[in-house]
**Student:** 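I'd like to ask you about the structure that follows.
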Number of protein chains: 2
Amino acid sequence: MSTVTIKLLAEKLQLSTATISKALCDSHEISDSTKKRVLALAEELNYVPNAYAGSLRRNKSKTIAVVIPEVADSFFSLALNGIEEAVLEKGYHALIYLTHEKLDREKAILKELTNGRVDGAIMSVTVETSDADHIREFNKKLPVVFFDRVCNDLDTAKVTTNDFECGYNATKHLIEAGCSKIILLSISNNLSIISERARGFTKAIADHNLNEADCRIIECTEDASCNYELIKEMMLPDNRPDGIIATVEKLTTDIYLACQQLDINIPQQVKVVCFSNQATAIILSPSLTTITQPAFEMGKSAATILLKSLRNNGLIMKEESIVIPSSLIIRNSTINN
Amino acid sequence: MSTVTIKLLAEKLQLSTATISKALCDSHEISDSTKKRVLALAEELNYVPNAYAGSLRRNKSKTIAVVIPEVADSFFSLALNGIEEAVLEKGYHALIYLTHEKLDREKAILKELTNGRVDGAIMSVTVETSDADHIREFNKKLPVVFFDRVCNDLDTAKVTTNDFECGYNATKHLIEAGCSKIILLSISNNLSIISERARGFTKAIADHNLNEADCRIIECTEDASCNYELIKEMMLPDNRPDGIIATVEKLTTDIYLACQQLDINIPQQVKVVCFSNQATAIILSPSLTTITQPAFEMGKSAATILLKSLRNNGLIMKEESIVIPSSLIIRNSTINN
DNA sequence: ACTTTTTACTTAAACGATTAAGTAAATATT
DNA sequence: AATATTTACTTAATCGTTTAAGTAAAAAGT
């Protein structure tokens, strides 16, 4: 019942460990008959090479790290599925680390990972990540690919979606549906994705000559109950918006609940569009207009880029960066009457 | 810029590697002054111990595997968060593997993992997993903790929720709300959780003297569009149910859509309860009665049990098994009038 | 003052693989 | 037939740690 190693195989076959090792990777130095004997015994004894012995010797772990804020919303869930698919295809392994939006966690994780445990990382930064020193330090040793929430002052491949355009189009869509007092619910202006969406929002407001004072950007917090109160307050009659854009999925519930509570009709009194990948968008009442991100593809692309670079020299071409467009799916929450 | 190893520290301080190693783990064999010098240099040079060298030597990887079907629905997402929390707390690492409900994948994953890569596994089996030989084989070498979808013929710790009761209570709730033709939407009777829920369903039907011919169990498939058609067909006027219990979250959308399409009113014509952890249940129209599982806690408990066993001898007490109850949250989809 | 114990190290083997370098026998070349 | 090359191995070093066993000097015990 002891573990089956190359050494054991060697003993049983009266060969050296070198021969076994070479036979197993089909080296030309080994005769066909020996290869067959080795393979047969390996099969019989259920030999599985020790993962770490090889990693240590070759300084390659065949493992990548996925460092993301949470896996709670559907974006990261779907992205993780995409990552796993790419990783599986190439025989790699994926370690998962959640930062819970804490910069300190992100730093600690990256520092520990420079010890050979992984060959590279895919990450989406926390809301707190404003400077990129810790990532740059990591990146001196190992390749990094960003997806979705990127760090722009780091020169590496990034997989993003067209956040600026989406911010613009969502706003334009609301304006065309008749909105003139539009609010963008943000969560952090640190975040690349949010600031891009906000830029698109602002530009659309300007391009369409809306009163800029009526179109504000409101920062929400990490605390769901706070957000609910914030949104309710925002919806008080005196300066109520007629359009809302939520930059993150989880605000959907707060918005719908607040409107229910205050007896405000969507879409008649306020139109709503959310950046969201929720499957339930279609069965909400009214069904929710969303900007749906290509989450799965983004995860898969990021992993593919990283793995490709690992096949070469571990150098990542910034030019590998890719923008995969999201789609505005118009449903009843923004349709007139 | 070369990697900082114990050997390098040893050279710089004119000490042996053994001394460095011992100093770093605060061994009593090393003087305080030496320890200080070592720690200081290690800090200065940003020494991080090579993960695999240690793993190889001690035959411990400080890594566990999470083997689950998908990470698409909110149950597994939340569970993964719980697992990550426990793993983080103990300084472990988590590798994630998705089986995509394929038994072959599950087998291949488990086989590869017997090579020292992980110290144990947490798993929730696929719908195809009817016999447990491959898991038993794995379990001969390494500890396994099941959560949610368990294998009952394996003698190890299991973290489950009270599926039987929940099946019973959901059914009872529908009966008390006036339903008499209740349908349970299943996905596979292989699955421990589903068969338990179905047992509860059947018992409640019997206990309340409902006509058993009117209360069927219908198997859905992996294919979402099929399920939609299936549900639509089921809702045709001739033998339409007045109550539906969905054993998995993803069926929610199909049910609501089918009812919208066929202009069937929930809850007046049909009452619906779903096993679901979706945050949006509350804003559906009507809001959805759910059996909400303690997903986060289940994941965390499973990880905690595994890690605890690893601290000891890697032996898992079946007695560590724990059942964490779900809650029936009654909302408008099952309320009369 | 002598032995014993403790302190603070070092030496060297080990974990399980890979691989450069060496070697003896078989085969090919001239 | 003598030399060169190829084949099919083996030996031994290596990756970066940990740890059992060894050791010399200092401290303690008698």
Side-chain angles (χ1 to χ4, degrees), chain A residues 2-39 41-42 45-63 91 93 112-119 141, chain B residues 2-39 41-42 45-63 91 93 112-119 141:
Chain A
S2 73
T3 56
V4 181
T5 65
I6 269 192
K7 208 164 151 189
L8 185 79
L9 298 182
E11 269 169 30
K12 295 231 179 203
L13 293 174
Q14 294 284 81
L15 289 168
S16 74
T17 59
T19 305
I20 307 292
S21 173
K22 288 173 183 169
L24 289 172
C25 44
D26 203 27
S27 158
H28 66 276
E29 290 180 51
I30 306 300
S31 71
D32 285 350
S33 63
T34 304
K35 278 181 194 168
K36 259 179 208 142
R37 288 203 305 143
V38 173
L39 263 337
L41 188 65
L45 300 185
N46 242 298
Y47 168 74
V48 185
N50 181 288
Y52 299 145
S55 292
L56 181 58
R57 179 61 222 254
R58 321 172 98 147
N59 201 24
K60 293 258 167 281
S61 63
K62 285 241 162 201
T63 304
H93 300 258
E112 197 189 337
L113 290 179
T114 53
N115 65 352
R117 192 179 286 278
V118 298
D119 297 337
K141 300 184 136 202
Chain B
S2 74
T3 57
V4 182
T5 66
I6 271 193
K7 209 164 152 189
L8 185 78
L9 298 182
E11 269 168 30
K12 295 232 180 204
L13 293 174
Q14 294 284 80
L15 289 167
S16 74
T17 60
T19 304
I20 307 291
S21 173
K22 287 173 185 170
L24 289 172
C25 45
D26 203 27
S27 158
H28 67 275
E29 289 181 54
I30 307 299
S31 71
D32 285 349
S33 63
T34 304
K35 277 181 194 168
K36 260 179 207 141
R37 289 204 302 144
V38 173
L39 262 335
L41 188 67
L45 300 184
N46 240 298
Y47 168 74
V48 185
N50 181 288
Y52 299 146
S55 292
L56 181 57
R57 179 61 223 253
R58 323 171 98 148
N59 201 24
K60 293 260 169 278
S61 63
K62 286 240 160 201
T63 304
H93 300 257
E112 197 189 336
L113 290 179
T114 55
N115 65 351
R117 193 180 285 278
V118 298
D119 297 338
K141 300 185 136 201

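A, B, ... follow the sequence lines: proteins, then strands. Residue 1 opens every chain. If you're wondering where the values come from, they're calculated on a predicted model, not measured in any experiment.
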**Student:** How many Å lie between CD on B/Q14 and C1' on C/dC9, as a whole number?
**Tutor:** 14 Å
**Student:** So which pairs with a foot in residues 12-23 of chain B pass salt bridge (Lys or Arg N to Asp or Glu O under 4.0 Å), sequence neighbours left out?
**Tutor:** B/K22-B/E29
**Student:** For A/T17, give me all partners under side-chain hydrogen bond (donor to acceptor under 3.5 Å, both in side chains), at least two apart in sequence or on another chain.
**Tutor:** none
**Student:** Nearest whole Å is fine: how far is C/dT10 P from B/E11 CD?
**Tutor:**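 So the CD-P distance, B/E11 to C/dT10, works out to 13 Å.
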**Student:** Under the side-chain hydrogen bond (donor to acceptor under 3.5 Å, both in side chains) rule, collect the residues that match up with B/N50, sequence neighbours excluded.
**Tutor:** none
**Student:** Give A/S31 one of three labels, base, sugar-phosphate or nothing, depending on what nucleic acid heavy atoms sit under 4.0 Å from its own.
**Tutor:** sugar-phosphate
**Student:** Using five base pairs at each end, measure the axis-to-axis angle across the helix from C/dA1-D/dT30 to C/dT30-D/dA1 and round it to 10 degrees.
**Tutor:**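 Axis-to-axis angle, ends of the helix: 40°.
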**Student:** Does A/A18 have any side chain to side chain contact (heavy atoms under 4.5 Å, CB included) partners at least two apart in sequence or in another chain, and if so, which?
**Tutor:** A/S16
**Student:** Is there a side-chain contact between B/I20 and B/L15 (heavy atoms, below 4.5 Å)?
**Tutor:**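 Yes, close enough: below the 4.5 Å cut-off.
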**Student:** With a 4.0 Å cut-off on heavy atoms, is B/S55 in touch with a base, just the backbone sugar-phosphate, or nothing at all?
**Tutor:** nothing
**Student:** A/K7: which residues meet the side-chain hydrogen bond (donor to acceptor under 3.5 Å, both in side chains) condition with it, sequence neighbours left out?
**Tutor:** none
**Student:** With sequence neighbours left out, write down each residue that passes salt bridge (charged side-chain N to carboxylate O under 4.0 Å, His left out) with B/K36, or none if nothing qualifies.
**Tutor:** none
**Student:** Polar atom pairs between nucleotides 14-18 of chain C and protein, under 3.5 Å, N or O only, would you list them?
**Tutor:**
unit_1 : atom_1 : unit_2 : atom_2 : d
C/dA14 : N3     : B/R57  : NH1    : 3.1
C/dC15 : O2     : B/R57  : N      : 3.3
C/dG16 : N2     : A/A53  : O      : 3.1
C/dA17 : OP1    : A/Y47  : OH     : 2.8
C/dA17 : OP1    : A/N50  : N      : 2.9
C/dA17 : OP2    : A/I6   : N      : 2.5
C/dT18 : OP2    : A/S21  : OG     : 2.4
C/dT18 : O2     : A/R57  : NH1    : 2.0

**Student:** Under the rule for side-chain hydrogen bond (donor to acceptor under 3.5 Å, both in side chains), what residues qualify as partners of A/D32, not counting sequence neighbours?
**Tutor:**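 Counting only residues at least two positions away or on another chain, A/D32 forms no side-chain hydrogen bond (donor to acceptor under 3.5 Å, both in side chains).
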**Student:** Can you tell me how far P of D/dT19 sits from CD1 of B/I30, to the nearest Å?
**Tutor:** 13 Å
